Amino acid sequence: MKQPKDKYEVVSEMGKRRGYFWQSYEIYGGVGGFITYGPLGSLLKRRLEEKFRRFYLQPLAILEIETSVIMPENVLEASGHVENFKEPTVECTKCKRKFRADHLLQEFGEMTDTETEKMALQSVVDELKSHNIRCPDCGGDFNKAEQFMTMFTTTIGPYSDSVGYGRPEAAQGIFVEFKRIFESARGRLPLGVAQIGHALRNEISPRQGPVRLREFTIIDIEFFFDPEDKKCLIINDVGDETLRFVLAENKLKGITEPVTITIKEALNKGIIKEEWQAYFMAQAKRFLVEMGVPEDQQRFIEKLDYERAHYSMQGFDQEVYLERWGWTEVSGHNYRTDFDLSRHMKASGVDLTAFKESEDGGKRFVPHVIEPSFGLDRLVYVALEYAYTKRNKRTVLSLPRDLTPMQVSVFPLMNKDGLLEKADEVYHLLVNEGFTVDWDSSGSIGRRYARADEVGTPLGITIDYGTLEDGTVTLRDRDSWKQVRSKLAELPSLLHGYFCNRLNFEDLGQIIER
RNA sequence: GCGGUCGUAGUCUAGCCUGGUUAGGACCCCGGCUUCCCAAGCCGGGUACUCGGGUUCGAAUCCCGGCGACCGCACCA
């Protein structure tokens, strides 16, 4: 704890002090894996969500739904989660170290993951014995095996013995409701459906603040298409976008240096198999750039066979470099094929196929799915870490202007001579225009600018004696500390222009030299 | 979950070893004065010994347990 503070530490301190986020249940000592967003944090999260909708969902007319967090057992049995979210672990009798039994069998027993997946708990131990697998560290042997269930379990109804789980992803809500959604979309394909909501995973040891939570907000997009008609019509919009890849074949050789490839090339060389997947990955990169993460701080990792989730046929993780934790996953891009819909079709007996007319009558088929999936809490943290800068020993949170919780702050230069009243007028004018406005009349003007900088408010509006005389105010820019003078009456339209990126700061008025 | 280190206000910290003052300081926050634009100054105010138990006349200090944090192992489908 005596080392120089890293960014996670300073961002967390600032987060607590100014109300971005902190660990939940602090007054009872805190519980790991849960965080609370304070007033500024929940605003930031909301803005990020809104930006995501604007940027990622709306251009493709992706539909958004909301389903419940508790899911009955049969849904997650059908999806394969009940089976796959259990991890068989064994403990060495000598050194007490714990291992994943299935990983041991795959590594030393030359078994495939499909073989180990099917095994019962006792046969895991038997197999370890029959393959004579011993502790890789000390050579001791294993006796007992335990299952660790990473889904939260509950019962549904007061006296009911029906088991329910907290959903480990929002995706299943979409698959389960596919029939009605598809119908209300009048059978259109391709069809994107998204859900932004909480998901639960009972992590064994979540020690990484907002980066690894037991309850978190996930953005799952299921993009359904006809596997025989899978052209992405807008792929050219992203064809020249370059992504940095760490490829599976290189990973096996121990090479982690990324290669930079355009989307076009990646598709031609078969690095990404599906055009829609390529499109979503390119957009994911662009989104992070707009959030303030430069290209060279991002990369895409191709998942190896055994690293992929049970439903995934090809998968990439988008990673962002964080100071404390290194490369950190912020989104996953999986080709889930028809795995989920087929499983639910089989388990429920309900037809989840699509129909497509053609000259010879048409065909019924189960749509395939490309899934981009984002961890929203990680994005919030990433935005904060990348925005956190210092200027003249003062903290400046340089969030993009469409993400800042507070858009403008109103400062009466003095607390007298009618300046307070005038400032109050300005405050209400802007609130009524729909802006998120802060108010600060405490301390010197410099101190107030500093406070606004620290929480990332991009514009300060100072009401001074000039305001009383000619109806002009001073606008101050968070990043450059430059000031311009503009007419109060024009403020609403100027600010609207500024916040939808039509106007730069310099366009807002007459530059002031001091 | 295991091992090691640790836990004093919103933040950083002194004190703990060797038990004994109103637990000290800095930043910060609030109010007032002052101040015509970048954490200025003056006055006043504010918040802390992680929780529970034990030893003791007396515990921030010693002992045990819980909770939490950090590092390592494992885990992160």
Side-chain angles (χ1 to χ4, degrees), chain A residues 1-3 5-6 8-10 12-19 22-33 38 79-87 89-92 95-100 102-103 113 117 137 146 148-151 168-169 201-209 211-214 303 306-312 315 317 324-325 328-329 332 334 375 391-396 411-417 419 441-454 460-469 473-478 481-483 485 512 514:
Chain A
M1 283 286 274
K2 290 286 145 62
Q3 276 109 33
K5 292 179 186 174
D6 63 17
Y8 171 66
E9 210 167 338
V10 291
S12 300
E13 275 170 16
M14 188 278 294
K16 270 193 219 171
R17 197 156 32 82
R18 304 306 304 269
W22 55 82
Q23 188 181 31
S24 300
Y25 312 112
E26 267 183 329
I27 64 165
Y28 289 102
V31 181
S79 70
H81 284 85
V82 172
E83 202 180 344
N84 285 281
F85 261 67
K86 278 182 191 151
E87 287 151 10
T89 57
V90 287
E91 194 182 84
C92 170
C95 68
K96 303 288 176 205
R97 197 160 279 190
K98 285 192 176 184
F99 297 91
R100 280 278 293 272
D102 51 340
H103 286 180
D113 55 345
E117 220 169 68
D137 276 14
E146 280 174 359
F148 185 78
M149 164 68 93
T150 40
M151 285 197 290
E169 56 173 17
R201 295 179 192 182
N202 202 359
E203 301 282 355
I204 295 172
S205 155
R207 286 182 194 169
Q208 300 167 18
V211 167
R212 230 170 118 217
L213 296 170
R214 291 189 165 118
K303 304 299 267 184
Y306 66 87
E307 291 174 328
R308 281 201 306 271
H310 59 279
Y311 47 70
S312 173
D317 278 354
R324 176 174 291 195
W325 296 297
T328 305
E329 178 188 353
N334 284 293
R391 177 168 178 161
N392 296 2
K393 291 190 180 175
R394 286 165 32 168
T395 301
V396 179
F411 307 121
L413 189 60
M414 299 290 152
N415 287 330
K416 57 179 185 186
D417 303 328
L419 288 174
S441 58
S442 153
S444 70
I445 189 71
R447 179 175 292 268
R448 286 179 268 166
Y449 288 152
R451 281 198 281 250
D453 286 345
E454 195 187 13
I461 301 180
T462 305
I463 289 26
D464 53 29
Y465 291 96
T467 314
L468 301 179
E469 282 163 27
V473 293
T474 306
L475 296 185
R476 171 192 178 268
D477 178 44
R478 174 195 68 196
W481 298 4
K482 283 184 188 155
Q483 299 188 326
R485 192 132 193 114
I512 306 173
R514 282 195 204 276

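All values below were derived from every heavy atom in this structure, side-chain atoms included, with hydrogens, water molecules and symmetry-related copies excluded. Labels below follow one simple rule: chain letters A, B, ... track the order of the sequence lines, proteins then strands, and each chain is numbered from 1. Since the model is a prediction, treat every value here as computed from it, not as a measurement.
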**Prompt:** Considering Watson-Crick and G-U wobble pairs with both distances under 3.5 Å, what does G3(B) pair with?
**Reply:** C71(B)
**Message:** Of the options C37(B), C38(B), G10(B), whose atoms approach the side-chain atoms of Arg17(A) most closely?
**Reply:** G10(B)
**Asked** Given side chains that start at C-beta, do those of Glu169(A) and His81(A) come closer than 4.5 Å, heavy atoms only?
**Response** yes
**Message:** Using the ring-ring contact (aromatic ring centres under 6.0 Å, His included) criterion, which residues pair with Trp481(A)? Sequence neighbours excluded.
**Reply:** none
**Message:** I want to verify a distance call: between C70(B), C38(B), A39(B), whose nearest atom is closest to the Arg324(A) side chain?
**Reply:** C70(B)
**Asked** Of all the choices, C36(B), U11(B), C38(B), which nucleotide is nearest to the side chain of Lys16(A) once you look at every atom?
**Response** U11(B)
**Prompt:** Given U35(B), C37(B), U11(B), which nucleotide is nearest the side-chain atoms of Met414(A)?
**Reply:** U35(B)
**Request:** Please state whether the phosphate of A40(B), meaning OP1 or OP2, lies under 4.0 angstrom from any side-chain nitrogen or oxygen of Arg447(A).
**Result:** yes
**Message:** Heavy-atom nearest nucleotide on RNA chain B for Glu329(A) versus Gln208(A): which residue maps closer to 5'?
**Reply:** Gln208(A)
**Request:** Give the nucleotide from the list C28(B), A69(B), C75(B) with an atom nearest to the side chain of Gln23(A).
**Result:** A69(B)
**Prompt:** Are Arg451(A) and C29(B) close enough that a side-chain N or O sits under 4.0 Å from OP1 or OP2?
**Reply:** yes
**Asked** Crowded around Lys303(A) NZ? As in, over 12 foreign heavy atoms under 6.0 Å?
**Response** yes
**Asked** Looking across every strand, which nucleic acid part, if any, lies under 4.0 Å from Arg476(A) by heavy atom: base, sugar-phosphate, or nothing?
**Response** base
**Request:** Sticking with atom P, work out how far G65(B) lies from U22(B), rounded to a whole angstrom.
**Result:** 33 Å
**Message:** I'd like the P distance from A23(B) over to A60(B), given in whole Å.
**Reply:** 10 Å
**Prompt:** For A40(B), what is the paired nucleotide under Watson-Crick or G-U wobble rules, both distances under 3.5 Å?
**Reply:** none
**Asked** With Tyr465(A), which residues qualify under side chain to side chain donor-acceptor pair (under 3.5 Å), at least two apart?
**Response** Asp417(A)
**Item:** Partner nucleotide, any strand, of A48(B) [Watson-Crick/G-U, under 3.5 Å]
**Value:** none
**Asked** Considering only side-chain heavy atoms of Ser444(A), which listed nucleotide, A40(B), C38(B), G68(B), is closest?
**Response** A40(B)
**Complete:** Across every strand shown, the nucleotide meeting Watson-Crick or G-U wobble geometry with C57(B) (both distances under 3.5 Å) is G20(B)
**Phe411(A) and Tyr449(A) aromatic ring geometry - parallel, tilted or perpendicular at 30°/60° bounds** = perpendicular
**Message:** Taking the minimum atom-to-atom distance to the side chain of Lys416(A), which one of U35(B), C37(B), C38(B) wins?
**Reply:** U35(B)
